[in-house]
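Notes for the one structure printed next.
Because the structure is a prediction, the values reported are computed rather than measured. Residue numbers start from 1 in every chain, and the chains themselves are labelled A, B, ... in the order their sequence lines are given, proteins ahead of strands.
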Amino acid sequence: MQTPHPHPEPPQSLEQLMARANSLAGYNLGQLGEIAGLGIPGHLRREKGWMGMLLETLLGAKAGSKPEPDFPHLGVELKTLPVDRHGKPLESTFVAVAPAEGWQGVTWETSHVRQKLACVLWIPILAERQLAPAERVVATPLLWRPNPVQEQALRQDWEELVEQLALGHFDEISAHKGQVLQLRPKAANGRVKVQARNAEGQLVAVQPKGFYLRAHFTRQLLAEAFSLV
DNA sequence: TAATGATCATCT
DNA sequence: AGATGATCATTA
């Protein structure tokens, strides 16, 4: 096992990326934050993306806000996943923004959701809320591609949700829709608005939304990967 | 402003 | 407890 490097270059191969990811398992975030030379917050109330940014740094992902996979050369998206002591996800997982307009002609095959989920490096982190960030522990990583059953479930939800968006129901869709994929607010706050067209074609100001994976979906994909089957 | 990284806070 | 709706930091 290698020792984590503070600021590695982007990995040149999938094998190198996985070797790095495996080398982080077992460390707590206090140790890793120190290795990376980052400040370690006492809580994540104001730094909700801190765990994700830390893992990006240690794995050599491109920092910043580019609309690209975290490892473009490898086609791999990095996602940290907070889990409880049993490995059960504690939160849903943000996937992609849902544009308020322009859905006509968009298909699942070319969708950002499918592209983002084509190949994901999941880094589960024991992150129960009672644990301070420094005490949270990195678990065994999982390189995942949707199997046919999973992709079909994602596709079905995506098509149902996008149909509603295309029909002008952006502002009416709640998080209750979708078995594995849902739409939820995704904005700095409730005053942020974007323009959408309603069912009558009128321009209306709506709160931005994003696609999220339900926790039971990520729970199942972890279970399938790590169980005996 | 819009994209990245997500978790928080509250209600049921 | 679990899920929904709301929110926070940073960067280009």
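A straight line from CD of A/Gln130 to P of B/dT7 spans 16 Å, rounded to a whole angstrom. One can place NZ of A/Lys193 at 10 Å from P of C/dT7, the figure rounded to the nearest angstrom. Per the geometry, CD belonging to A/Glu91 stands 7 Å off P belonging to B/dC8, to the nearest Å. Between the CG atom of A/Leu38 and the P atom of C/dT10 there is a distance of 12 Å, rounded to whole Å. The separation between A/Ile173 atom CD1 and C/dT4 atom P is 14 Å, rounded to whole Å. If you measure from atom CZ of A/Phe94 to atom P of C/dT4, you get 17 Å, rounded to the nearest angstrom. In this structure, NE2 of A/His86 is placed 15 Å from C1' of C/dG2, rounded to the nearest angstrom. A/Ile40 has its CD1 atom 19 Å from the P atom of C/dA9, to the nearest Å.
Note on A/Ser174: every side-chain N or O is 4.0 Å or more away from OP1 and OP2 of C/dT4. Contact annotation: A/Lys62 does not reach the phosphate of B/dG5 (side-chain N/O to OP1 or OP2, under 4.0 Å). Phosphate proximity of C/dG5 to A/Gln207: absent, as no side-chain N or O sits under 4.0 Å from OP1 or OP2. One finds no side-chain N or O of A/Arg45 lying less than 4.0 angstrom from the OP1 or OP2 phosphate oxygen of C/dA9. Between C/dA9 and A/Arg46, a contact under 4.0 Å exists linking OP1 or OP2 to a side-chain N or O. OP1 or OP2 of C/dG2 lies within a sub-4.0 Å distance of a side-chain N or O belonging to A/Lys88. Residue A/Gln182 places none of its side-chain N or O atoms closer than 4.0 Å to OP1 or OP2 of C/dA3.
Each of C/dT7, C/dT4, B/dT7 was ranked by its minimum atom distance to the side chain of A/His176; first place goes to C/dT4. Here B/dT7 is the nucleotide among C/dA3, B/dG5, B/dT7 with the atom lying nearest to any side-chain atom of A/Met51. Which of B/dG5, B/dT4, C/dA9 sits closest to the side chain of A/Glu47 comes down to C/dA9.
In this structure, A/Pro208 reaches neither bases nor backbone, as no heavy-atom distance under 4.0 Å exists between it and the strands shown. Using a 4.0 Å heavy-atom distance criterion, A/Gly52 is classed as a sugar-phosphate-only contact. Across all strands shown, A/Ala188 has heavy atoms under 4.0 Å from base atoms, whether or not it also approaches the sugar-phosphate. Within 4.0 Å of A/Arg129, counting heavy atoms only, lies at least one base atom of the nucleic acid.
You'll find the side chain of A/Leu17 reaches within 4.5 Å of the side chain of A/Leu121, heavy atoms only. Residues A/Leu222 and A/Val83 form a side-chain contact, since some pair of their non-hydrogen atoms from C-beta on lies under 4.5 Å apart.
Listed by first then second residue, pairs satisfying salt bridge (charged side-chain N to carboxylate O under 4.0 Å, His left out) with a partner in residues 91-105 of chain A read A/Glu91-A/Arg129, A/Glu101-A/Arg197, not counting sequence neighbours.
Residue A/Phe211 comes nearest to A/Val97 through the heavy atom pair CD1-O, 4.2 Å, listed as atom of the first residue, atom of the second, then distance.
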Working for side chain to side chain donor-acceptor pair (under 3.5 Å), residues A/Glu224 and A/Gln220: CA-CA 6 Å; A/Glu224 289 184 15; A/Gln220 182 171 320; 3.0 Å; yes
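Each of A/Arg219 and A/Leu183 was assigned the nucleotide of DNA chain C with the nearest heavy atom; the assignment lying further toward the 5' end belongs to A/Arg219. Positionally, the nearest nucleotide of DNA chain B for A/Glu68 lies more toward the 5' end than for the other of A/Glu68 and A/Ala127. Mapping A/Ser92 and A/Ala96 onto DNA chain B by nearest heavy atom places A/Ala96 closer to the 5' end of the strand.
Taking the charged nitrogens against the carboxylate oxygens, A/Glu151 and A/Arg114 do have a contact shorter than 4.0 Å, which makes a salt bridge.
Under 3.5 Å, the side chain of A/Lys186 and the base of B/dG5 form at least one donor-acceptor pair of N or O atoms. For A/Tyr212 against C/dA3, no side-chain N or O and base N or O form a donor-acceptor pair under 3.5 Å.
Legend: residues meeting side chain to side chain contact (heavy atoms under 4.5 Å, CB included) with A/Pro8, ordered by chain and number and at least two apart, are A/His5, A/Arg20.
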